[in-house]
Amino acid sequence: MQIHQVAPDEWRLWRDIRLEALSSDPEEFGSALAAEQRYGEDEWRDRAAEGLKVVALDPDPVALVAATGKPEGLYLYSMWVRASHRGRGIGESLVRTVLAWAAEQGWKVVVLRVWEDNLPARRLYRRLGFRQAEDPEYMEFQVS
């Protein structure tokens with residue numbers, strides 16, 4: 001398994017795994033597959049270049065996570081692992097990659113949104129040091 005930071009010119013890599021994630025688990029994302037399928041190359045290039053984009057390769061993409069700056073901190077989003085690869089520590093590796101990048105970039109807080117009933121994700125985030133935010137749909141991590 002290789003954790004790979006996506007470069008802007010690798011927009012097709014990001015597009016393909018993102019569309020797979022939206023197709024597989026549409027209820028877990030704040031976007032719709034049909035909307036993102038309409039994006040052109042320029043939109044995908046812009047998205048790949050914004051913030052941090054990371055994929056897990058085995059050898060093809062099997063997971064993704066993204067992070068971008070927001071006023072409240074670095075926002076971790078689009079965390080997804082293909083069902084056939086869940087339970088192998090890939091999600092943990094992806095989140096740790098984001099947390100390391102946050103520290104390198106000088107972020108003090110990493111925030112994320114996770115549905116209250118997504119207990120496996122909540123357990124993962126708690127194990128990595130995230131705490132419940134004031135809003136019950138959000139969790140946050142204090143970067144040291």
Side-chain angles (χ1 to χ4, degrees), residues 1-70 72-105 107 109-133 135-144:
M1 185 69 50
Q2 178 190 2
I3 302 299
H4 175 74
Q5 185 172 337
V6 177
D9 65 340
E10 296 176 302
W11 62 272
R12 287 180 186 93
L13 173 66
W14 182 255
R15 177 199 61 196
D16 293 350
I17 190 68
R18 173 79 177 162
L19 293 178
E20 179 184 346
L22 285 167
S23 175
S24 174
D25 295 290
E27 68 284 350
E28 299 300 323
F29 295 92
S31 185
L33 176 63
E36 293 196 22
Q37 285 175 323
R38 290 190 295 268
Y39 292 168
E41 180 179 334
D42 289 342
E43 179 75 15
W44 283 111
R45 282 184 181 278
D46 290 346
R47 288 177 172 264
E50 177 190 24
L52 175 68
K53 303 294 187 291
V54 179
V55 297
L57 304 171
D58 185 34
D60 296 318
V62 296
L64 76 156
V65 70
T68 192
K70 298 283 186 179
E72 61 273 16
L74 184 68
Y75 182 63
L76 184 153
Y77 68 101
S78 290
M79 174 70 173
W80 179 81
V81 178
R82 185 182 288 164
S84 62
H85 286 70
R86 292 178 187 160
R88 299 183 189 184
I90 297 169
E92 181 172 334
S93 293
L94 291 173
V95 174
R96 287 188 185 282
T97 299
V98 172
L99 296 178
W101 190 82
E104 290 168 10
Q105 299 296 313
W107 289 98
V109 177
V110 176
V111 296
L112 60 84
R113 183 177 184 189
V114 59
W115 306 125
E116 289 183 78
D117 62 349
N118 190 342
L119 299 180
R122 286 185 168 273
R123 281 192 296 270
L124 167 67
Y125 297 132
R126 275 194 292 276
R127 189 171 67 248
L128 293 173
F130 282 82
R131 298 290 174 243
Q132 189 64 52
D135 183 328
E137 287 187 359
Y138 288 84
M139 297 182 81
E140 59 188 22
F141 179 90
Q142 300 297 316
V143 180
S144 352

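Just the heavy atoms: all of them, side chains too, but no hydrogens, waters or symmetry mates, feed the values below. A quick note: this is a predicted structure, and the numbers were derived from the prediction, not measured.
- Side-chain N or O atoms of Arg113 include none that pairs as donor or acceptor with a backbone N or O of Tyr77 at under 3.5 Å.
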Q: Please assess Asp46 against Trp11 for the test side chain to side chain contact (heavy atoms under 4.5 Å, CB included), listing each intermediate value before the final yes or no.
A: CA-CA 8 Å; Asp46 290 346; Trp11 62 272; over 6 Å; no
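- Between the side chain of Asp135 and the backbone N or O of Glu137 there is at least one donor-acceptor pair closer than 3.5 Å.
- Here the side chain of Glu43 pairs no donor or acceptor atom with the backbone of Gly40 at under 3.5 angstrom.
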Q. Would Val98 and Leu52 count as a side chain to side chain contact (heavy atoms under 4.5 Å, CB included) if you check the C-alpha gap in whole Å, the side-chain angles of each, and the deciding distance to 0.1 Å?
A. CA-CA 8 Å; Val98 172; Leu52 175 68; 4.0 Å; yes
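- Checked by atom type and distance alone, the side chain of Arg122 pairs as donor or acceptor with a backbone atom of Trp115 at under 3.5 Å.
- The side chain to side chain contact (heavy atoms under 4.5 Å, CB included) with Trp80 is formed by just one residue from the set Ile17, Val65, Leu94; it is Ile17.
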Q) So Asp9 and Lys53, salt bridge (charged side-chain N to carboxylate O under 4.0 Å, His left out) or not? Walk me through it. A) CA-CA 12 Å; Asp9 65 340; Lys53 303 294 187 291; over 6 Å; no
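- Side chains of Arg131 and Gln142: no donor on one and acceptor on the other come within 3.5 Å.
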Q) Under the side chain to side chain contact (heavy atoms under 4.5 Å, CB included) criterion, do Glu72 and Tyr138 qualify, and how do the steps go? A) CA-CA 12 Å; Glu72 61 273 16; Tyr138 288 84; 5.8 Å; no
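- Neither side chain, Ser24 nor Arg82, offers a donor N or O lying under 3.5 Å from an acceptor on the other.
- The only member of Leu19, Asp16, Leu13 that meets side chain to side chain contact (heavy atoms under 4.5 Å, CB included) when paired with Trp44 is Leu19.
- Between the side chain of Gln132 and the main chain of Pro136, a donor-acceptor pair closer than 3.5 Å is present.
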